[in-house]
Amino acid sequence: MASTTKERSLPTFPTIHQCPSIGREKHTVVADMDGTLLRGRSSFPYFALVAFEVGGILRLLFLLLASPLAGLLYYCVSESAGIRVLVFATFAGMRVSDIESVARAVLPKFYSTDLHSETWRVFSSCGKRCVLTANPRIMVEAFLKEFLGADMVLGTEISTYRGRATGWVLNPGITVGKNKADALNKAFGTDPSSAPDIGLGDRKTDFPFMKLCKESYVVPAKPEVEPVSHDKLPKPIVFHDGRLVQKPTPLMALLTILWIPVGFMLACLRIAAGSLLPMPVVYYAFWALGVRVYIKGTPPPPAKKSIGQSGVLFICSHRTLLDPIFLSTALGRPIPAVTYSLSRLSEIISPIKTVRLSRDRVTDANMIKKLLEQGDLVICPEGTTCREPFLLRFSALFAELTDELVPVAMSNRMSMFHGTTARGWKGMDPFYFFMNPSPAYEVNFLNKLPYDLTCGAGKSSHEVANYIQRNIAASLSYECTTFTRKDKYRALAGNDGIVEEKPKRAAAAKKIMGC
């Protein structure tokens, strides 16, 4: 009877579908995150992403083992107690800078794919946007402010000591229930006239802050709605980092942990096959080992040096550092590649010749000309990889060096792990790619560039580079951009992608962080 009375005393709010979104430009909205702004009601996958990207497989395992206790406390004791367990298992001992890096470079991609369409309809219509969440502010603030245009983020504050997270939270604790109402009052004041216009939540622990708003709407768990499509996001996510392809739900996290030892051994076998076997048989070896290679178009025949014929320059879109290797696999012969940089391990295991560019225009031009005199060559003029359906700006240097240009549209498919990274050690890139159960590459040879569209016919190098970029983008249904390598590394790693030289190598060419 007491339970029934308590339930009757709870306020009832209209659903989000009843909230008008017209004429809200001068209104202030305050929204919860999990289950409100996001469709998913669990924050475990995002804690798991931080755990894996910063602490690796062992930290992810620790979090997974702690999750039953977190769930028991969450549902049987209090929401706050369960979240405290997740915070401790994820953050204890981590450098704060690493957490911030993952929040900026990894989490936005996953958050953006789960945005609640009805909540976003209301949230985006308001002139001032505030998010009030139980999640640690350090995890969510970068995404909410940069990609959703939030003006204010109120969340749980984690405790730190000498630049590392302790695993505890600062007073007043987890931002749930009464703590949410107190945080709202502290931010907007207790005067009813200064209260936010709209409050959005999805569970009982949101009701205390929702009651303080002039209008309040609840986001029901059912019926489920479709997420906001990528084209309706206020800012497209062109760059993102992290190794995991899929959102690590508890089941997916368990499968990932169990697969990694098996996948690593499989990756070593696949890499050994690609490195040790003759290139004409690598294609068949890859298929036998579960690596799918699809070839489209008609590649040109090898250059005939006996009659003084110079080599063809293959212009590839850049998806991973394995692009030149799969191009060679498709051709059945090793094609040397010029690269802005490559880890020492990748150079050792590479089955093809790799030549580093020095970033000096004259030096690089002379080197590429000499390589073309020896035969065919492959280059990725974007200078770095991009995971999303975008092409970065093409460097125009290649167009000045030869008129024998063959565009190649490269695309790939990975189901568990990304084979690229901006923050981690790039020596593991090929291993992560080949750790996927059945990775795939598609090599599409486009028509050789007609002579009248080359620099030899009077076109500028930029016109040639832009034409090839558009041609490749059209074949892949990608979008051309003017973003560069620096843009990517500033967004993901907070630097220009340049590693400072060691004193003993000061005279050597500048080394750039990998592809």
Side-chain angles (χ1 to χ4, degrees), residues 13-43 45-46 103-135 137 139-155 175 180 183-184 187-188 194-203 206-207 209-210 212-240 247 388-390 479 481 491:
F13 300 107
T15 64
I16 187 69
H17 305 85
Q18 298 173 265
C19 179
S21 56
I22 306 298
R24 298 284 192 179
E25 293 80 9
K26 296 183 179 180
H27 287 188
T28 299
V29 61
V30 179
D32 177 43
M33 193 163 182
D34 295 314
T36 304
L37 261 179
L38 303 180
R39 299 186 308 157
R41 295 170 63 86
S42 171
S43 57
Y46 308 106
R104 179 181 64 247
V106 180
L107 297 185
K109 168 64 178 178
F110 292 91
Y111 281 137
S112 66
T113 59
D114 199 36
L115 205 57
H116 195 288
S117 56
E118 277 298 302
T119 307
W120 176 244
R121 173 181 62 83
V122 177
F123 189 81
S124 61
S125 69
C126 295
K128 186 174 181 181
R129 307 166 188 175
C130 174
V131 178
L132 187 55
T133 176
N135 287 305
R137 180 184 56 81
M139 273 178 58
V140 302
E141 187 171 41
F143 167 70
L144 293 172
K145 287 190 172 182
E146 184 174 353
F147 291 95
L148 299 191
D151 300 288
M152 185 187 306
V153 178
L154 305 175
T175 312
K180 280 191 174 180
L184 191 69
F188 291 90
S194 63
D197 298 282
I198 306 174
L200 305 175
D202 68 290
R203 61 196 80 190
D206 293 331
F207 291 175
F209 92 82
M210 292 170 67
L212 301 176
C213 301
K214 297 174 183 177
E215 303 174 48
S216 296
Y217 300 88
V218 67
V219 180
K222 294 182 179 180
E224 294 185 1
V225 298
E226 291 296 316
V228 176
S229 58
H230 288 277
D231 59 322
K232 292 184 179 179
L233 291 174
K235 181 179 179 180
I237 296 181
V238 179
F239 303 119
H240 61 92
K247 186 163 65 174
E388 293 300 299
F390 299 94
E479 182 179 336
T481 75

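Because only heavy atoms are used, hydrogens play no part in the values below, and waters and symmetry mates are left out as well, while side chains stay in.
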So, taking the atom named [atom1] in [X] and the one named [atom2] in [Y], what distance separates them when rounded to the nearest 0.5 Å?
{"X": "S124", "Y": "K232", "atom1": "OG", "atom2": "NZ", "value": "10.5 Å"}
{"X": "S43", "Y": "N135", "atom1": "OG", "atom2": "CG", "value": "5.0 Å"}
{"X": "S125", "Y": "I22", "atom1": "OG", "atom2": "CD1", "value": "7.5 Å"}
{"X": "T175", "Y": "L154", "atom1": "OG1", "atom2": "CG", "value": "8.0 Å"}

For the student: nearest non-hydrogen atoms of [X] and [Y], plus distance:
{"X": "P220", "Y": "I16", "value": "CD-CG2, 4.3 Å"}
{"X": "R41", "Y": "R203", "value": "O-NH2, 3.5 Å"}
{"X": "C126", "Y": "I198", "value": "SG-CD1, 3.8 Å"}
{"X": "V228", "Y": "S117", "value": "CG2-CA, 3.6 Å"}
{"X": "G35", "Y": "D202", "value": "O-CB, 3.4 Å"}
{"X": "L200", "Y": "T119", "value": "CD1-CG2, 3.9 Å"}

For F209, all residues meeting ring pair (Phe, Tyr, Trp, His ring centres under 6.0 Å), sequence neighbours excluded:
none
Taken in chain and number order and not counting sequence neighbours, the residues that satisfy ring pair (Phe, Tyr, Trp, His ring centres under 6.0 Å) with H240 are H418
Measuring only between side-chain heavy atoms, which start at C-beta, is [X] closer than 4.5 Å to [Y]?
{"X": "V131", "Y": "L148", "result": "no"}
{"X": "W120", "Y": "P234", "result": "yes"}
{"X": "L184", "Y": "C213", "result": "yes"}
{"X": "T15", "Y": "V219", "result": "no"}
{"X": "M33", "Y": "L144", "result": "yes"}

Partners meeting salt bridge (Lys or Arg N to Asp or Glu O under 4.0 Å) with [X] (sequence neighbours left out):
{"X": "E146", "result": "K235"}
{"X": "K247", "result": "D114"}
{"X": "K145", "result": "E141"}
{"X": "D197", "result": "K214"}

Considering residues at least two apart in sequence or located in another chain, which fulfil the side chain to side chain donor-acceptor pair (under 3.5 Å) criterion with [X]?
{"X": "R121", "value": "S21, E118"}
{"X": "D206", "value": "K180"}
{"X": "R104", "value": "none"}
{"X": "Y217", "value": "E215"}

Given F123 and T36, is the side-chain contact (heavy atoms from CB on, under 4.5 Å) satisfied, shown in steps?
CA-CA 10 Å; F123 189 81; T36 304; over 6 Å; no
Between F110 and Y46, is the ring centre distance below 6.0 Å?
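No, they do not, as the ring centres are separated by 6.0 Å or more.
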Please walk me through it: do V30 and F188 pass side-chain contact (heavy atoms from CB on, under 4.5 Å)?
CA-CA 11 Å; V30 179; F188 291 90; 4.1 Å; yes
Working note: L37 + D32, criterion side-chain contact (heavy atoms from CB on, under 4.5 Å); need CA distance, chi angles, decisive distance, verdict.
CA-CA 6 Å; L37 261 179; D32 177 43; over 6 Å; no
How far apart are the C-alpha atoms of T113 and H230, what are their side-chain angles, what is the distance that settles it, and do they pass the side-chain contact (heavy atoms from CB on, under 4.5 Å) test?
CA-CA 8 Å; T113 59; H230 288 277; 4.1 Å; yes
Listed by chain and number, what are the side-chain contact (heavy atoms from CB on, under 4.5 Å) partners of S194, not counting sequence neighbours?
D191
Residues that P108 engages under side-chain contact (heavy atoms from CB on, under 4.5 Å), provided they are two or more places apart
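Only F143, F147, I237 meet the side-chain contact (heavy atoms from CB on, under 4.5 Å) criterion with P108.
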Between the main-chain N or O of R129 and the side-chain N or O of D151, is there a donor-acceptor pair closer than 3.5 Å?
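Answer holds: yes.
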